[in-house]
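Have a look at the structure below before the remarks.
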Amino acid sequence: MLKGNIPILATAFDEQGQLDLASIERLVKFLLQQGIDGLALFGNASEGYALTQDEKQILFFCVKRLMGDLPLVAAAGGASSAVAIEEINRVHRWGAQVAMVNPPSVVKPGPEEIYHFWRDICQACEIDIMIQDAPLMTGVNIPVSTLVRLCQDFPAIRYIKVEQPPTTLKITALKQALGDSVGLFGGLNAGFLFEELCRGVTGTMPACEFPDVINAILAAWQQDRQEAQALFYRYLPFLRYGVQPGIGVAIHKTVLHQAGIFASDYVREPAKSLDDATRRELKEITDFLPLAVLGGRP
């Protein structure tokens, strides 16, 4: 079962906007050296929306070759259940252990359409499913009652990534209804990680440039919750800085580029590159808060 620190892998491009597999390999090796519990591909922080199917396949097998027995989560889905089923079965054939699925969002579904969407998926796919509940990204609100009904009716739904603010309230409601039968993960770049741990999450799925910080908070949580709280509060300015809409992807990549892991910080539109003022602000934060990616420790 998935647990702990499952970062979302950033996708490296060269200055011409093509996949940079050498940089991706450096990043995966860095993450493995730091110690992670799994890895997620094709999410929002991966620019999965900007990758072709051929690029996704190349990227997946590049990463899979390095990951050993650690689980791979692949974001897959679509604007209808038929499209989503095709994508989910594709990543399953490639070797993903979990498919992370958003609700359809082109035509906004209500609770019954949401239920039918995941019902169709669970009936047609043979892979563990993670529901990504991210209305800030999709514009689709999934009520707690619908999530509970889905999890109770379809055992293939093993996880929910809870990203509807306030995440703490939804996590508590889901935990009360489902207990430990479904793994609950936080997102939003771990910006509420301490509170989510207090509410009973199984783990978190943040961006990938600060695995040492997440690992330190998770380890402290098991031994000294005040230390976990202190670490979280110390790094909160950095966590919140990386979740800004439109530029979050560029922030993650800039840190990786400054560290020498990515050869370029190129982002594909519609994501935005950083202006000079934002670069200065980010450097001030990373200079103040040491990260393993930059040669420091939390």
Side-chain angles (χ1 to χ4, degrees), residues 1-9 28 30-46 63-64 66-76 91-92 95-101 127-134 147-148 150-152 154-164 167-168 170-225 227-229 231-232 235 239 292 298:
M1 190 166 185
L2 289 178
K3 63 179 182 178
N5 183 11
I6 314 288
I8 309 292
L9 187 78
V28 174
F30 164 74
L31 292 169
L32 292 173
Q33 288 167 359
Q34 289 299 311
I36 54 174
D37 300 298
L39 194 57
L41 285 72
F42 314 143
N44 194 41
S46 302
V63 173
K64 181 177 172 58
L66 301 170
M67 284 292 289
D69 295 330
L70 288 177
L72 280 172
V73 179
V91 299
H92 188 200
Q97 283 77 28
V98 179
M100 181 171 67
V101 185
I127 184 174
D128 288 348
I129 299 295
M130 173 184 286
I131 295 176
Q132 184 171 13
D133 177 27
L147 289 167
V148 170
L150 283 166
C151 293
Q152 291 175 339
F154 304 111
I157 299 173
R158 301 285 305 280
Y159 312 99
I160 303 172
K161 186 182 181 189
V162 184
E163 296 189 282
Q164 179 179 7
T167 60
T168 50
K170 201 160 195 178
I171 288 165
T172 292
L174 290 167
K175 197 72 176 177
Q176 289 174 345
L178 297 170
D180 295 329
S181 63
V182 173
L184 303 179
F185 278 80
L188 297 177
N189 210 39
F192 298 90
L193 176 56
F194 180 75
E195 294 85 2
E196 290 168 349
L197 287 168
C198 293
R199 303 288 183 124
V201 293
T202 305
T204 187
M205 300 178 71
C208 63
E209 71 272 22
F210 50 96
D212 52 319
V213 175
I214 300 300
N215 289 343
I217 294 170
L218 294 177
W221 175 256
Q222 300 298 324
Q223 304 294 330
D224 182 346
R225 295 189 176 184
E227 174 64 16
Q229 186 179 41
L231 278 168
F232 172 72
Y235 280 88
L239 303 180

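Any value given below was found using the heavy atoms of this structure, including those in side chains, with hydrogens, waters and symmetry copies removed.
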Close side-chain approach of [X] to [Y], heavy-atom, < 4.5 Å:
| X | Y | result |
| --- | --- | --- |
| Leu9 | Leu31 | yes |
| Asp128 | Leu2 | no |
| Val98 | Arg158 | no |
| Met67 | Val28 | yes |
| Phe30 | Cys208 | no |
| Ile160 | Lys170 | no |
| Pro206 | Ile214 | yes |
| Val148 | Leu178 | yes |

Looking only at non-hydrogen atoms, find the nearest pair between [X] and [Y] and report the distance.
| X | Y | value |
| --- | --- | --- |
| Ala45 | Ile8 | CB-CG2, 3.8 Å |
| Leu72 | Val63 | CD2-CG1, 3.9 Å |
| Gln34 | Asn215 | O-ND2, 3.3 Å |
| Asn5 | Gly35 | ND2-O, 4.5 Å |
| Ala75 | Gly43 | CB-N, 4.0 Å |

Atom [atom1] of [X] and atom [atom2] of [Y]: how far apart are they, to the nearest 0.5 Å?
| X | Y | atom1 | atom2 | result |
| --- | --- | --- | --- | --- |
| Asp37 | Thr204 | CG | OG1 | 11.0 Å |
| Ile36 | Leu70 | CD1 | CG | 6.0 Å |
| Gln229 | Leu197 | CD | CG | 11.5 Å |
| Leu39 | Met205 | CG | CE | 9.0 Å |
| Thr172 | Glu196 | OG1 | CD | 10.5 Å |

Would you find a donor on one side and an acceptor on the other, under 3.5 Å apart, between the side chain of [X] and the backbone of [Y]?
| X | Y | value |
| --- | --- | --- |
| Asn189 | Leu239 | yes |
| Ser46 | Leu41 | no |
| Thr167 | Glu163 | no |
| Gln223 | Trp221 | no |

Practice problem: Mind running side chain to side chain contact (heavy atoms under 4.5 Å, CB included) on Phe232 and Glu195 for me, showing each step along the way? | Solution: CA-CA 10 Å; Phe232 172 72; Glu195 294 85 2; 3.6 Å; yes
Quiz item: Hey, is OH on Tyr159 packed in by over 12 heavy atoms from elsewhere, all under 6.0 Å?
Solution: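 Enclosed: over 12 neighbouring heavy atoms sit under 6.0 Å from OH of Tyr159.
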Quiz item: Going through the distances and angles, do Val201 and Lys175 end up as a side chain to side chain contact (heavy atoms under 4.5 Å, CB included)?
Solution: CA-CA 8 Å; Val201 293; Lys175 197 72 176 177; over 6 Å; no
Quiz prompt | Val182 vs Leu174, side chain to side chain contact (heavy atoms under 4.5 Å, CB included): CA-CA, chis, key distance, verdict | solution = CA-CA 9 Å; Val182 173; Leu174 290 167; over 6 Å; no
